[in-house]
Structure formats: structure tokens, C-alpha cells
2 protein chains.
Amino acid sequence: MLTTLSGRETKLIFAIMQDMTAIQDARQLRLQLGAHLLDLLEADYFASFVWTRTEGDTDAVFLNMDERNLAAYQHHFQHCDPITPRFRMCRRATHLDQIISREDFLRTEFYNDFLARDGLHQGMNFHAYAATGHLGDLRIWRGAGKDTFQQRDLDILNAIGTAFGQALANMRTNEQKQREADPRLRLAAWAARHQLTGREQDVLCLVSEGKRDREIALDLNISVTTVRSHLKAVFQKSGVTSRAELLASINARLSLQ
Amino acid sequence: MLTTLSGRETKLIFAIMQDMTAIQDARQLRLQLGAHLLDLLEADYFASFVWTRTEGDTDAVFLNMDERNLAAYQHHFQHCDPITPRFRMCRRATHLDQIISREDFLRTEFYNDFLARDGLHQGMNFHAYAATGHLGDLRIWRGAGKDTFQQRDLDILNAIGTAFGQALANMRTNEQKQREADPRLRLAAWAARHQLTGREQDVLCLVSEGKRDREIALDLNISVTTVRSHLKAVFQKSGVTSRAELLASINARLSLQ
DNA sequence: CCTTGCCTCCTCATTTTGGAGGATGCGCAG
DNA sequence: CTGCGCATCCTCCAAAATGAGGAGGCAAGG
């Protein structure tokens, strides 16, 4: 790749560089990035999906697209979208024409009933991947009457997309670390691992706050012997033999176990 | 700022954007960034200092500079460096000529005995700040016989420096979070907060692993009563009244206290 | 209807822990 | 030398926690 950048483009590239380092929220980043990308690539429509860790769940961000049409995508067209799966297979910025012939494209229900309504004619996508799998994408479209995207546009999107993928991966990693460090989540994960019942979890939770049986009984409005029963069950299920060991077990980093 | 970029420059800018998002280690980032910046700005020497959280301590990275001369800087010239403090006061990329007149500069001991030895003649600095204070810098120098830096170079360094500052600040924040989440450091901090003696810390450490008095005594090769004595002192000093409460106190987020 | 799981409560025995007080020895700074 | 802090050990006692075993009620599901 060897392309020059105009003053306007340079300014936008630098703005994008700032976005990438300054914004730590995936949604915010994509909104900002989207605005700058539309400007930079002289495009009209922007969409970005990010795959969350819970399988199949996506977080979507859009610019200049019709709310109702989008709802239609989320409910229906998403499932019969013939182009996104093909875009997704490409690890570089990819032009619509590279994955489907113009004639075939113009014949699809997807184009006629969905894309055309918003005026989307020319598109490029970038799909970001990490070692763990698909992270998210950047989708750039131009309306009717504009020129098609050039190799130069693809190169620019590719460079920015790569950095965007890194930024997304970093956010993902940070969120993961945050989650692992959150005491409440650790507790919940530990409880789930040992299949504790609701009441056992209640007791566990108060034990983890350093409370005594008597206090726990008061807090939960049950008798001390009941607290002991639940706690006994927790010990039984987890193979632990004292509160201190219990807390140590909960706080132990999984990687060190 | 409105400047065009050549193909070569564009390529380097994109490489720098990758650096900024891909590299999570401050040292690595600066080495990589330094190489790309020298190429981009057609400069010869690169140095970058990063201020660590411990007051006054710096981590330095260099390219193309003489090891022995650097040692001299760390030991002596650092303390009589007449230009860095002035550079440091500027919140934008700054040219040497903007902070000192050429004549004055050429008369300084610092130039003659230190910079000139490595061949440093023209310089620009960027100093990065966060809300918490000074983060670090980027120092770019050209050797004798080259043109002086132009406003265009300053603009480029400024844009990259700003993003670099963000990246540094992010690393700082992440490290901080990591530290707060590290059980050993939490323990040490807690111990320090309550002014525990060495032996008390030893006992505390084993208690935090969920061990019983008897086990601790075996581990430390002392009698159970001694363990109890130490533990009693820990309780006394910290105002806590049970092991479980102790562990809860250690694991409590400071912000929630 | 009957089983199963969960929550609730109980007793009795044992171990562990916490609290109070004191004692010895050692090294170090005033 | 004389405290002082620290580590080591002790006794005695009471409170808390653990372990084993059992029992009644209640709701959901076969």
C-alpha cells in the first residue's frame, strides 16, 4: 500500500488515532470512529456490530440509518442476510463486489427489501478477529449515484480496521480482567461451580463478608442452627473445612489453582 | 493543521496507529514508536522517558545513542539539563528554538559536553500529561547538517504524541487496576496499613491461605501458642475480631470502605 | 400418591478460635 | 546499663465453629 493523504484526510486519520487510544468504551469508540470514517471515506452510512462474549449476542451501532429499517434487520433480515457471512470470512477490508456479482446482488431480496430502502448501494466491510474468534466489524456504505469504493479506500479501511480490532481486543481483555477481579462475580462463579442452592449462597455471601453465624442468622431471619446447616452443606459440596479456607478458595485465582 | 502526507508517511502513520493499539508494554511501545518516528520525521536520535509512579523514578528508552554517554546523562547531566525542564512546561510538541535561542544553546555546557558528543543538533520534544501529572515524553533529534524541524514536523509529532499520552495513561490505569487486584499486594498493603511486624505478616499470610493455627505453627516451625500470640496482635492492631472478618477486610475494595 | 430437593430447625460431641494475662530471651538505641 | 520492641512460649477460659445425625414442612414433578 502506498497512497498519499490530503490535508483533510490527514487530519481525520489523526483524529481516528486519538479515538482509538482515548475512548475505552466499545460503543463510544464506534460512534466516534464511524463519524470520522464516513467523513474520511466520503461515505454515507455506517454500521458496526460487536459480538459479545455471550454466544450470538451482538451490540450494534449505526449512523444515518433508519430506525425502523434497522429493527427489521434485527428481527428478520439478519437471518437471511446473504452478504455478511461472506464478508465475515474475509480477514481484510473487503468490497461488496469481491464477494458477490453486482447482478446477483441486485436480485437479492435482501438488497431490494432492506438495503435499498435506506439507500445503501456500495459497501465495504472490515471484520476484526482475535485469537479467541470474531470480535466485531465496521460496515461502510455509499448511497446511489456515488462512485464505487477504490482499492485506496479498502487500504485505508484495512489499516484502521486492524487497529480497531486491536482496540476491541484490548477492551475485551480489560473487561475480562475486571470481571475476574470483581468479588461479587467471583463469589457467584464459585457458588455456581459447587452447585449451591439459593439459601446456601445467601449464607456464603454473608460469610464472605466476615460475619459470624449469629449475625448471619439475624440478617437472614433464620435460626443459627439453620445457618449452620447451610454452611455445613457448603463445606460438604466444596470439600472445604473452615470459613477461612472457604474465603481463600473463593479468592484464589483460578489460574493458580 | 492541514498537511498532506506522502505514501511513505501514510504507511508509517498507519504502522504507528497499530503500535499504539497493539503494544501494551510502555517500553516496547516506545521502542517501536521511536523507530517509526525516526523514519517518519527523518530524524536520527530518539529518547523517551517515562515517569513511574514512584516519585522521581524514570524509565528511559533510546535509539541510536551511545551507551556511555547515556550513563553520563543518568548520573550527571540529567541534573544540570537546561532544556528539558523548559520543554516539559510545554503541553504541545515543541521545537528547541522555541525554548532557547540558538546562541545561548550552543554556549551551554550541556550541549558541548553532552549532546554534541552524540551529534544531537536539532530537537523537538513532546511531553505527555494526564490529570494525575506528567506521564512521559518523546524526544526527537537530528544530527548536524540536516535541516531544522518545520512546523509540519511539530504538528505530526503533536498528533502522535497526544495519542501516545493516551496510550501511556491507559497502561498506567490498567497497571493500577492490576495492582489493586493482586492478592499478595493487597495483603502487603493491608499489613503495612496496620503496621504489622514481620512475624505477624508471616502468620497473616498463612491465615489468608485458609490455614488453621496448627498448620501455621508447623509451617513456621513455632508453637501454636506463638501463632496465637501473633494473631492476637494482628487483631489488636487492626480492630478485627475473627479470621473471616480479617480476610473480608483484606479483600474489601478500598473504594467501598 | 410418592419421591425428591430444599429450607427449616434440633441435639450432642469435638475442635478451633479469641481474649486476658503473664513470662523469657535477644538485639538495639539512647 | 536500661529500656523498648519483637519473637517466643505458657495457662486458663469462654465463645465460636465444625461434624454427625436426625426430623418436619412444602412444593414441583413423575
Side-chain angles (χ1 to χ4, degrees), chain A residues 183-184 186-252 257, chain B residues 183-184 186-252 257:
Chain A
R184 277 168 303 187
R186 297 174 75 93
L187 195 65
W190 194 92
R193 194 154 64 245
H194 297 289
Q195 303 184 306
L196 301 193
T197 68
R199 224 41 176 162
E200 285 160 4
Q201 290 182 44
D202 293 341
V203 171
L204 176 65
C205 182
L206 294 172
V207 165
S208 80
E209 290 172 15
K211 299 195 173 178
R212 296 169 193 287
D213 290 350
R214 206 185 306 177
E215 293 176 271
I216 296 170
L218 281 173
D219 281 13
L220 296 180
N221 253 312
I222 54 181
S223 88
V224 180
T225 58
T226 309
V227 172
R228 289 205 221 285
S229 287
H230 291 308
L231 198 45
K232 204 153 50 171
V234 173
F235 287 154
Q236 189 75 210
K237 287 178 178 176
S238 65
V240 149
T241 59
S242 80
R243 308 158 100 81
E245 198 185 337
L246 191 66
L247 298 197
S249 163
I250 292 168
N251 289 316
Q257 276 185 345
Chain B
R184 278 168 302 188
R186 297 174 74 93
L187 194 65
W190 195 92
R193 194 154 63 243
H194 297 291
Q195 303 184 306
L196 301 194
T197 68
R199 223 41 175 161
E200 284 159 7
Q201 290 181 45
D202 293 341
V203 172
L204 176 64
C205 183
L206 295 171
V207 165
S208 79
E209 290 171 16
K211 300 196 172 177
R212 294 169 195 285
D213 290 349
R214 208 185 307 178
E215 295 176 88
I216 297 170
L218 280 173
D219 281 13
L220 296 180
N221 253 311
I222 53 181
S223 87
V224 178
T225 57
T226 309
V227 173
R228 287 206 221 287
S229 287
H230 291 310
L231 198 44
K232 205 154 50 172
V234 173
F235 287 150
Q236 189 75 207
K237 287 177 177 174
S238 64
V240 149
T241 60
S242 80
R243 307 156 100 80
E245 199 185 336
L246 190 66
L247 298 198
S249 163
I250 292 168
N251 290 314
Q257 278 184 344

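Residue numbers begin at 1 in each chain, while the letters A, B, ... track the order of the sequences. No experiment lies behind these values; they were computed from the predicted model shown.
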Grab the two heavy atoms, one from [X] and one from [Y], that are nearest each other, plus how far apart they are.
X: B:Arg186; Y: B:Ala252; result: NH2-O, 3.1 Å
X: A:Lys237; Y: A:Glu200; result: NZ-OE1, 2.8 Å
X: A:Val240; Y: A:Ser249; result: CG2-CB, 4.4 Å

Measure [atom1]/[X] against [atom2]/[N] and give the value in whole Å, please.
X: A:Glu245; N: C:dT15; atom1: CD; atom2: P; answer: 18 Å
X: B:Leu220; N: D:dT8; atom1: CG; atom2: P; answer: 8 Å
X: A:Ile222; N: C:dC6; atom1: CD1; atom2: P; answer: 16 Å
X: A:Ile216; N: C:dT8; atom1: CD1; atom2: P; answer: 13 Å
X: A:Lys211; N: D:dA16; atom1: NZ; atom2: P; answer: 16 Å
X: A:His230; N: C:dG5; atom1: NE2; atom2: P; answer: 17 Å
X: A:Lys232; N: C:dT11; atom1: NZ; atom2: P; answer: 13 Å
X: A:Asn221; N: C:dC7; atom1: CG; atom2: P; answer: 16 Å

Residues from residues 234-241 of chain A lying under 4.0 Å of DNA chain D - heavy atoms: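 Within residues 234-241 of chain A, the residues near DNA chain D are A:Phe235, A:Thr241.
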
Contact check, side chains of B:Leu247 and A:Arg243, non-hydrogen atoms, under 4.5 Å: no

Contact check, side chains of B:Leu231 and B:Val207, non-hydrogen atoms, under 4.5 Å: yes

Remember a base hit wins even if backbone is also touched, and classify [X] as base, sugar-phosphate or nothing at under 4.0 Å, heavy atoms.
X: A:Thr226; answer: base
X: B:Thr225; answer: base
X: B:Arg243; answer: sugar-phosphate

Closest to the B:Arg212 side chain, choosing from D:dA20, D:dA15, C:dT16: C:dT16

Selection from C:dC6, D:dA7, C:dG18 that lies nearest to any side-chain heavy atom of B:Arg228: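 Closest of the options to the side chain of B:Arg228: C:dG18.
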
Nearest-0.5 Å distance, CZ of residue B:Arg199 to OG1 of residue B:Thr226: 9.0 Å

Closest-nucleotide 5' rank along DNA chain C - winner of A:Ser242 and A:Gln195: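 With A:Gln195 and A:Ser242 compared, the 5'-side residue is A:Gln195.
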
A:Arg214 vs B:Ser223, nearer the 5' end of DNA chain D by closest nucleotide: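 Closest to the 5' end, via its nearest nucleotide, is B:Ser223.
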
With sequence neighbours excluded, residues passing side-chain contact (heavy atoms from CB on, under 4.5 Å) with A:Ala217: A:Val224, A:Val227

hbond_proxy A:Ser229 side chain to C:dC9 base (donor-acceptor, 3.5 Å cutoff): yes

A:Arg199 vs C:dC6: side-chain N/O to OP1/OP2 distance below 4.0 Å: no

